[in-house]
Amino acid sequence: MYALVALAPENAAAVFQLVTAQGTPMAPPQTVARKDLPGVVASLEQAHSPRWVWDRAQNWYPELLTAKVRVERCHDLALCQAILVNSAYAAGTGYTQQAAVLPPESDAPPPGVESVQESLFEQPSARRGWDLETVAAELGAQKAAIASSTHPSRLTLLLSAESACALVAAEMQYEGIPWREDLHRRLLNELLGPEPAGYNRPEKLDVLASELRSALDAPALNPDSPQELMRALHRAGIDAKSTRSWELMEFKHPAIEPLLAYRKLSRLFTTNGWTWLEQWVHDGRFHSEYVVGGVVSGRWASRGGGAMQIPKQIRGAARAEPGHKFIVADAAQLEPRVLAALAQDSTMAAAGRDKDLYAGIAAQGFGGERDMAKVALLGAIYGSTSGESGRLMPQLARMYPHAVGFVEEAARAGERGETVTTRLGRSTPPASTQWRAGQQSSTAEEQRQAESAARTRGRFTRNFVVQGTAAEWACCWLAELRRRLRALPPGPAATPGSESDRPAMVFFLHDEVMVHCPDALVEVVTKIVHDSSQAATRLLFGEIPLEFPVNVTVVENYADAK
DNA sequence: GCACTGAGCGCG
DNA sequence: AAAGCGCGCTCAGTGC
């Protein structure tokens, strides 16, 4: 059963309708004031547990969560449309021509983020959205596209997992990562000195800047300006081509050490310093907005606060609340394993049998040098041509002709301007007309540029099939994990009358998930994390002679994970 | 003053 | 040790 959700002509109201799986209405449409929506959703969820069909989960679910209403499953039309429009599996279905124009994203702030607008105007800002007919038509078009696609079951899985992830993302956003402001401040004090007033540099940063200026004999140097810095370095006899840290490390000069130290601390100060704390941490939680499918490959992106770039430096500020632990799980060597599975490379699969795939590959042909095996394999996935990993490619290709051949073929397809597709059916966007035009070149210089552009696109498509399929594995893992966590019986309430204290997913990072878990449930949730990963592997690849092991650590402090 | 790009670096 | 994939964020610098 589906519950279609749409905006009523006047935006303060919503309209919804229950329909059968075949699309037959089961009751007349019902109009509900926006403020009454959570109550209505809760009672329908209780009675029928329908699949909620809406333009975007992100436009509806946050306000339900704020009202403490959760749903079991949904169909996120925007996310599914984005996949179907490009999917090679649905290329012959004519879907792209029928797809409805998506309504804009709601500009309502994510919960937990203070909004200037909200304090000025009492009601949430108006937005345009689809009416019920459009929602029904778009759902019908998507279902028809799946049914007449070349791989209906894979696309069905992909779209339902993607929709489940839309719910996971909104819930994580709502929960936030438990974040101890006091510990973060202590870290900043230790590394940078006391919080500076106004726009001043913190003490330790200021000291390093002075050291740098005297070492370079450049009293007015602004170390934040790459151009000024470059000139000063050259004057001091440091002949660097750029001011990147890894390049500067090659030079022996008294200015290098303070410069690298300045860089590191400056980054902490500007990106994750006191301003970041003020802006993103409220009531002991770091709330960030996740953008499901925000990356071409299907990976998630994030908006605000840089949730997916939290430096290791400050992870000590993420602390489980009293009576809780963080269960931090990450999939071991996810991308190489995905490659072995995609290419059905049984030799590589055998190398991964004893948990550490890189060690297994090293034992099979790199004289036991794990680092060498890792560099070689990642080079194959990224399309490295030079350096150590480039040199190791022929050896890797001899050992694993299937796996290397698989990514090579993806690269060649990209170079020819074709699209490539993940296991479940996410395809790259078509090559741009500009790229195509560039390939029809006449002069030698144009020819050279065209070949370079072709190789660049080849590296993209080569990586896409692996990164994108890995994202699908992670997406299925999250969906399975969420389903199992929801099925846990409610535990006792922390305090009488409050919500029951359940484990909650609070963070996700490509191949890593963090659950904030009551102590009493750590063992059962740890098992659920493992079970979910096995389920994800079966969903994607069926029965294969390769595991996708997950490393789980139970910690109070995120810095202690791994 | 605003929008944009590039450099640099954080994460996987 | 090296510089190949995907992102977001901040600051400097540029162009309007």
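As the structure is a prediction and not an experimental result, all values here were calculated from the model.
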Would you kindly give the [atom1]-to-[atom2] distance between [X] and [N], to the nearest whole Å?
| X | N | atom1 | atom2 | value |
| --- | --- | --- | --- | --- |
| A:Leu265 | C:dT10 | CG | C1' | 16 Å |
| A:Glu247 | C:dA1 | CD | P | 16 Å |
| A:Gln279 | C:dC9 | CD | C1' | 11 Å |
| A:Trp300 | C:dC7 | CH2 | P | 17 Å |
| A:Leu334 | C:dG6 | CG | C1' | 14 Å |
| A:Phe464 | C:dC7 | CZ | P | 10 Å |
| A:Phe269 | C:dT10 | CZ | C1' | 12 Å |
| A:Arg459 | C:dA3 | CZ | P | 13 Å |

Looking for any heavy atom pair under 4.0 Å, which part of the strands does [X] touch: base, sugar-phosphate only, or nothing?
| X | result |
| --- | --- |
| A:Gly305 | sugar-phosphate |
| A:Ser302 | sugar-phosphate |
| A:Arg303 | sugar-phosphate |
| A:Gly304 | sugar-phosphate |

Item to complete: Using a cut-off of strictly less than 4.0 Å between a heavy atom of the residue and any atom of DNA chain B, enumerate the qualifying residues of residues 190-223 of chain A by number.
Response: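 By residue number: none to list.
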Worksheet item: Does any residue of residues 411-419 of chain A have a heavy atom under 4.0 Å from DNA chain B, and if so, which ones, in number order?
Response: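 Within this stretch, nothing sits under 4.0 Å of the strand.
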Worksheet item: Pairing of DNA chain C as dot-bracket, 5' to 3': ( ) intra-strand, [ ] crossing, | other strand, . unpaired, with Watson-Crick or G-U pairs under 3.5 Å?
Response: ....||||||||||||
Worksheet item: Do you know which of A:Trp179, A:Phe507, A:Phe326 makes ring-ring contact (aromatic ring centres under 6.0 Å, His included) with A:His516?
Response: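 So, applying the ring-ring contact (aromatic ring centres under 6.0 Å, His included) to A:His516 and each of A:Trp179, A:Phe507, A:Phe326, only A:Phe326 qualifies.
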Worksheet item: Under a 4.5 Å cut-off applied to non-hydrogen side-chain atoms, are A:Trp477 and A:Val550 in contact?
Response: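 When only atoms from C-beta onward are counted, A:Val550 and A:Trp477 do touch, with a gap below 4.5 Å.
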Practice prompt. Walk me through it: do A:Arg436 and A:Gln439 pass the test side-chain hydrogen bond (donor to acceptor under 3.5 Å, both in side chains)?
Written response: CA-CA 5 Å; A:Arg436 286 180 187 287; A:Gln439 293 305 105; over 6 Å; no
Practice prompt. Determine, stepwise, if the pair A:Val328 / A:Val555 fulfils side-chain contact (heavy atoms from CB on, under 4.5 Å).
Written response: CA-CA 8 Å; A:Val328 182; A:Val555 294; 4.1 Å; yes
Discussion item. Which nucleotide wins on minimum distance to the side chain of A:Ala301, given the candidates C:dC5, C:dC7, C:dC11?
Written reply: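 Taking heavy atoms from C-beta onward, the closest nucleotide is C:dC7.
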Worksheet entry | Contacts of type ring-ring contact (aromatic ring centres under 6.0 Å, His included), residue A:Tyr89, not counting sequence neighbours |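 For A:Tyr89, the residues satisfying ring-ring contact (aromatic ring centres under 6.0 Å, His included) (neighbours in sequence not counted) are A:His151.
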Discussion item. Any salt bridge linking A:Arg448 with A:Glu445? Criterion: basic side-chain nitrogen under 4.0 Å from a carboxylate oxygen.
Written reply: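 So A:Arg448 pairs with A:Glu445 through a salt bridge.
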Practice prompt. Hey, which sits more toward the 5' end of DNA chain C by its nearest nucleotide, A:Glu250 or A:Thr270?
Written response: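 Going by which nucleotide is closer to the 5' end, it is A:Glu250.
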Item to complete: Find which nucleotide of DNA chain C each of A:Phe460 and A:Ser386 is nearest to by heavy atoms, and output the residue with the more 5' nucleotide.
Response: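 Counting from the 5' end, the first nearest nucleotide belongs to A:Ser386.
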Discussion item. Heavy-atom count check: over 12 atoms from other residues, nucleotides or ligands less than 6.0 Å from A:His253 NE2?
Written reply: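 For A:His253, atom NE2 is crowded (more than 12 foreign heavy atoms under 6.0 Å).
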Discussion item. Can you tell me which residue among A:Arg185, A:Arg180, A:Arg186 is in a salt bridge (charged side-chain N to carboxylate O under 4.0 Å, His left out) with A:Asp182?
Written reply: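 Among A:Arg185, A:Arg180, A:Arg186, the one meeting salt bridge (charged side-chain N to carboxylate O under 4.0 Å, His left out) with A:Asp182 is A:Arg180.
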Worksheet, complete the sentence: Counting primed atoms, P, OP1 and OP2 as sugar-phosphate and everything else as base, the B/S/- map of nucleotides 4-12 of chain B against protein heavy atoms under 4.0 Å is ----BBBSB
Worksheet entry | A:Glu228 side chain to A:Asn222 backbone, donor-acceptor under 3.5 Å |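 Answer holds: yes.
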Worksheet item: Would a distance-only check, ignoring hydrogens and angles, find a side-chain to backbone donor-acceptor pair under 3.5 Å from A:Ser288 to A:Gly304?
Response: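 Checking the backbone N and O of A:Gly304 against the side chain of A:Ser288, a donor-acceptor pair under 3.5 Å is found.
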Item to complete: Name all residues meeting the side chain to side chain donor-acceptor pair (under 3.5 Å) criterion together with A:Glu480; count only those two or more places apart in sequence or in a different chain, and write none if there are none.
Response: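 Side chain to side chain donor-acceptor pair (under 3.5 Å) check on A:Glu480 returns A:Arg483, A:Arg484.
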